[in-house]
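Before any comments, here is the structure.
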Amino acid sequence: MVNIPILGLEAESYDRKYSDRKLIKRVSLYFKPYIRNLIIVVVFLTFYSLTSSLVPILSRFIINDLETYQNFTYLIFILSLILGLNLLNWIFNYFRQINSAKMIGGVVLDLRRDATKATLNHDLSFFDKYPTGKIVSRINSDGRDFAQTVELTIELISSIIIILILLIFMFFINLILTLIFIFSIPIFFLIALSFRKIAREKTLIGQRARANVNSFVKESISGIQIAKTFRREQNLFEKFNKINEQSYKVNLKRAWVLNTIFPTLSVFQGVIIALLVYFGGFSTLNNIISGGDLYLFLQSIWLLFFPLFTISSFWPSFQAGLAAAERSFSLIDAEPKVQQKDNIKPNKIQGKIEFKNLSFQYEEGKKVFENFNLTIEPGERVALVGHTGAGKSSIANLIARFYEFQEGEILIDGISIRDYDLETYRKKLGIIPQTPFLWANTVENNIKYCCLSATNDDVIKTLDKVGGYDWIDDLPSGLETNIRERGSLLSMGQRQLLVFARVLIENPSILILDEATASVDPFTETRIQEAVERVIEERTSIIIAHRLWTVRHVDRIIVLDHGEIIEQGTHDQLIKKKGKYAELYDTYFRHQSLEYIDKVKEMSQT
Amino acid sequence: MLEKSDQYNPLQSEFSPEDDPFRKVRQKGPNRWILRHLVHGTNKLIIFIVFFTTIVSANLQSISRVLIGAAVSEFLVDISTNLLFYTIIILSTGIGGAIVRLLNFMLREILAQRMERDTRREFFTILLGKSQSFHDRQKVGDIMARATDDVRNLNFLVSPAISLIFESFTNLIIPIIYIILFYPTQLIITPLIFTIFFLIALRDYNNKIGPVSRDLRIQYGEMNAILNEALSGIETIKSTAQESSEVLKFYTSAKKYRDYYIEQGQIQAKYLPILFYALSITFGLAHSIFLYLNGFLDIGQIIGYIGLLTLYRFPTNISIFVFSFIKLATAGAERLLELMNQETEIDENLSGIKKEIEGKVEFDNVIFTYPDGENPVLRNISFKINLGQTVAIVGTTGSGKTTLTKLISRLYDINEGKILIDDINLKDYSLQSLRNQISYIEQDLFLFSDTIFQNISFGRVSSMEEVVKVANQAQAHRFIMNLPDEYETKVGERGVTLSGGEKQRIAIARAFLTDPKILILDDSTSAIDSETEDKIQMAIQKILKNRTTFLITHRLSQIRWADLIIVLKNGEIVAKGTHEELILTSEEYRKIFIKKFDLKPEDLLRGG
């Protein structure tokens with residue numbers, strides 16, 4: 001709890017676009033389902049504040065009575081009242097905290113769920129804009145910051161009520177002393193807030209220095225093998241000491257700066273107490289106020305020190321909390337670019353693909369296609385070749401409906417791609433990306449990912465089709481082996497084979513294969529080649545080709561350059577032309593040919 | 001600037017392990033280790049002053065309360081009081097207390113920041129001195145998590161955790177002393193009873209909240225992991241239209257988090273010490289009123305007494321959260337120690353043979369299991385290579401290729417069999433002499449955040465001419481000259497990013513410079529469509545000349561022309577020989593060429 005006020009003072013600034021009012025309105029919608037908890041919180045909070053402020057007030061009455069009548073029964077009565085109030089106070093707080101936790105927990109859960117749902121349903125252009133780390137941070141840690149702010153706000157309201165009640169009461173007792181109080185509050189805030197700027201600055205410098213050391217350590221450890229091989233450890237050690245010492249000094253200064261805030265406020269509190277003693281004493285001497293009154297004033301200032309500190313750092317904390325909420329909302333509000341107009345759910349797709357006068361760009365000003373036309377017949381196997389940026393992946397992305405195009409049409413089986421129900425459509429597509437992605441789960445579950453109804457038999461049959469089952473037997477638990485994050489237990493080649501299996505079990509009508517460029521050992525490479533052979537049978541296949549074998553065995557090669565089709569034909573036809581394809585062949589495929597391999601030995605003689 | 005005891009460096013020969021001030025205490029558990037760091041060097045004096053100022057501060061606070069009480073007593077009795085006098089004294093105690101506290105804060109920050117600095121230094125130093133085998137076992141990410149978070153938590157352990165606890169402790173005891181000094185002794189009953197109940201309730205609270213806080217932390221980590229994985233695989237999710245099931249997966253995890261959050265809230269809501277505190281004020285008030293009615297106290301003294309009791313608010317409030325720091329820190333310390341205490345296995349054999357290697361390598365029935373592994377990773381490995389030959393090691397991942405090459409420079413000791421270089425057993429060589437003559441160009445080439453020149457010359461004193469010469473041989477000179485600052489261009493994390501092919505050639509340039517007699521080149525992560533394939537091929541061919549080279553490669557062009565091809569499967573050699581020999585003897589090897597080039601078996605056996 002000490003940390004929360006400091007958090008506010010150190011909070012990063014974030015440029016906000018939504019107005020406070022709009023945000024608060026939206027956030028309150030999330031509290032609606034928990035209105036019962038909210039009411040309980042508000043009610044008990046109010047009661048709690050009342051009982052908290054009543055205790056010092058009642059004490060004042062006791063002490064006054066001691067000074068004057070010393071009515072025993074009266075004293076017992078008030079004491080019992082105080083006792084009762086303390087118990088009630090604790091009980092009120094208990095219920096308040098429990099309901100507060102339920103409410104906040106629920107709100108943050110709903111917020112996280114909505115943000116995640118919206119995020120996962122966005123098209124790929126969204127993910128080009130927001131890096132993964134930022135998204136995760138928004139959903140999880142911003143949710144946590146938001147929760148903290150709500151907690152703080154609740155504490156704050158309670159503090160305010162208590163202070164108000166006490167102030168009103170004190171006002172009726174003595175004006176001057178109350179004025180001392182009232183004037184001290186804004187000064188208190190000023191002191192706390194003026195620290196904020198310095199605190200933020202020092203914190204940034206401190207963070208940077210610490211980040212420096214950490215990245216040096218990381219680099220040294222990552223390169224430790226080289227350091228050892230070339231015996232460079234001494235050098236590293238000296239450098240490290242320098243950076244480490246620097247981080248120490250900078251962070252010490254920062255800590256010192258931050259730590260002056262409490263003593264400063266303490267001094268201020270001391271001054272106020274001294275003033276109270278002086279003027280209070282004066283008033284007491286002249287019988288303007290009683291001992292009990294003085295006691296009340298003193299109690300109040302001891303009571304209020306911490307709440308005042310909380311309030312003064314409230315505004316930046318509150319802003320930080322709103323910013324956190326805003327970041328979540330911006331995830332939810334981002335307009336999905338891919339919008340379907342209808343939701344046709346076909347039973348079968350033949351696999352005829354037509355691009356008609358298509359214009360497409362990923363972002364303003366960078367046109368990928370303009371008036372592009374292409375027809376692919378059902379069952380045809382097509383290889384796309386071209387330099388990076390020629391448009392190969394874009395064709396694949398558009399067919400997969402990962403991005404929205406601007407002009408023209410894409411027809412699948414004669415129907416506009418925008419008219420299909422996306423879920424049904426995508427289930428009839430098979431997409432094998434360049435870098436295979438696998439889940440931290442068993443081999444079997446990875447293969448069955450699309451279709452949980454697949455049986456163990458289906459899995460084995462499919463694996464067989466893509467190049468054999470024997471390598472699975474070599475794994476520690478066969479099909480049940482957990483292949484860890486991103487499939488890291490398996491080799492690159494094995495991962496590729498798994499993805500082939502996963503796609504094949506879906507039995508897609510249209511296959512999009514982006515051939516991996518990472519090299520793989522020759523034995524697995526042979527298997528993968530066989531898998532490719534198998535997987536492009538019986539379906540429309542669009543392959544972004546990197547293998548020599550592939551371009552030699554497809555029905556048609558399409559040569560792309562800057563979004564245009566320059567040449568089309570089979571490998572032999574295109575080589576004879578000595579055009580763009582021949583040039584591409586020379587750059588990308590020639591090295592895979594037998595002649596090249598045979599000639600490599602001679603090359604080094606030069 | 002550094003004291004002698006902070007200069008301990010296991011890598012410099014003038015230091016022996018006995019000079020390491022923390023060597024013994026690392027074996028004695030996290031608490032002793034932390035303590036030893038806390039009292040290191042000049043810290044002892046600082047700790048003393050911190051103790052002293054904390055106690056003084058508590059005293060000043062108590063004095064302030066007593067004085068206020070006394071002042072009120074005066075005012076009420078209406079003696080001609082020197083109002084100013086009292087005001088000034090009370091103000092002084094307030095300001096004096098603040099100054100003392102400031103000094104106290106600043107000093108404890110020194111201790112805390114030093115704790116972080118010193119433990120980080122120790123961790124780094126010890127890690128640097130560890131053997132290669134150790135580093136191969138660790139994931140950089142794990143080491144970094146310890147070097148950053150765990151070290152940082154030790155900082156927080158000192159300040160605020162231990163400092164606040166000590167301050168609370170003094171705030172529990174000192175007021176009692178003042179009560180005894182200035183007020184009827186029986187008034188200590190309330191604070192004493194409060195203290196006892198407080199400590200009991202606190203222990204109970206900590207026992208309950210510890211596990212829940214841990215669960216909350218772990219669950220948060222799980223939520224992060226799920227989201228991270230989903231976002232990494234977003235294309236897969238969309239391709240298979242699995243968005244809703246992924247959302248459900250996340251929601252289930254987030255719901256669990258919510259449940260732990262509520263559970264934590266429930267435990268916090270039941271925090272009894274706050275109630276005890278309020279009751280103690282009430283009973284204190286009742287008790288003092290009783291004494292007042294019997295003439296043992298006056299009103300001012302009541303006010304003073306209650307003032308002293310309110311000092312207990314501080315320990316009550318901070319105890320809600322402060323103990324979690326301790327748990328975090330000691331857990332972190334354990335992890336740090338665990339890493340640091342792992343044994344270094346290979347002995348340096350300083351008196352071993354130091355001769356210039358020619359390059360003949362022989363493996364004789366070698367069997368090898370990793371130190372913490374169960375099954376042998378390599379079995380019955382036998383082969384002989386003459387100087388200057390190129391050996392291509394081929395096999396699927398996990399077949400043992402990289403492991404085999406690691407044994408050559410004795411990064412690990414083998415379990416059975418022999419490895420001979422120039423007919424001398426590997427173990428008989430001085431390790432340093434051995435490693436100086438064997439170079440390893442690894443898979444994930446690591447470049448330091450430094451200039452290209454530095455990355456190539458790496459630790460050697462070289463002239464620009466020498467560096468340019470090897471860059472040329474490695475076919476790297478041209479692309480280097482195209483960089484903004486040519487050889488002075490900074491690369492690595494904060495510099496220019498080089499492509500895989502470019503990095504590889506830098507590594508080859510480096511190897512030319514060191515001119516090892518035995519070279520191990522791991523070429524297995526290159527892409528298959530590199531535009532600069534010719535250049536890379538040439539660079540590799542050049543570096544192979546006139547030195548014994550172990551080549552882990554997938555390129556058929558390299559395999560085809562190697563002097564010896566070794567095919568590994570599951571840690572054993574399943575085929576060995578030249579390309580021609582393997583075509584004849586190994587069906588799987590033959591299949592590679594047949595499938596890839598649509599050949600017929602007859603074609604292969606013709607020519608070569």
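Since this is a predicted model, take the numbers as computed values, not measurements. Below, chains carry the letters A, B, ... as their sequence lines are ordered, and counting in each starts from 1. The analysis underlying the following values was restricted to heavy atoms, covering all of them including side chains, and did not include hydrogens, waters or symmetry mates.
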Is [X] close to chain B through its backbone or its side chain, or both, or neither, when contacts mean heavy atoms under 4.5 Å?
| X | value |
| --- | --- |
| A:Ile512 | neither |
| A:Glu530 | side chain |
| A:Leu265 | neither |
| A:Tyr449 | both |
| A:Phe127 | side chain |
| A:Arg96 | neither |
| A:His122 | backbone |
| A:Leu594 | both |
| A:Gln269 | neither |
| A:Asp123 | backbone |
| A:Ser593 | backbone |
| A:Val213 | side chain |

Picking from [options], which has the most non-hydrogen pairs under 4.5 angstrom with chain B?
| options | answer |
| --- | --- |
| A:Asn259, A:Val277, A:Thr526, A:Asn121 | A:Asn259 |
| A:Val217, A:Ile82, A:Leu298 | A:Val217 |
| A:Glu423, A:Met492, A:Glu515 | A:Glu423 |

Out of [options], which one racks up the most heavy-atom pairs below 4.5 Å with chain A?
| options | result |
| --- | --- |
| B:Glu263, B:Lys569, B:Lys255, B:Lys401 | B:Lys255 |
| B:Tyr257, B:Phe124, B:Tyr261 | B:Phe124 |
| B:Ile274, B:Ile540, B:Ile306, B:Leu544 | B:Ile306 |

*Roughly how far, to the nearest 0.5 Å, is the OG1 atom of A:Thr424 from the CG atom of A:Leu429?*
11.0 Å
[X] with [Y]: basic N within carboxylate O range, under 4.0 Å:
| X | Y | answer |
| --- | --- | --- |
| A:Arg590 | B:Asp534 | yes |
| A:Lys427 | A:Glu506 | no |
| A:Lys117 | B:Glu243 | no |

_Main-chain N/O of A:Asn140 paired with A:Arg112 side-chain donor or acceptor, under 3.5 Å_ = yes
_Counterpart residues, salt bridge (Lys or Arg N to Asp or Glu O under 4.0 Å), relative to B:Glu116 (two or more places apart)_ = A:Arg210, B:Arg120
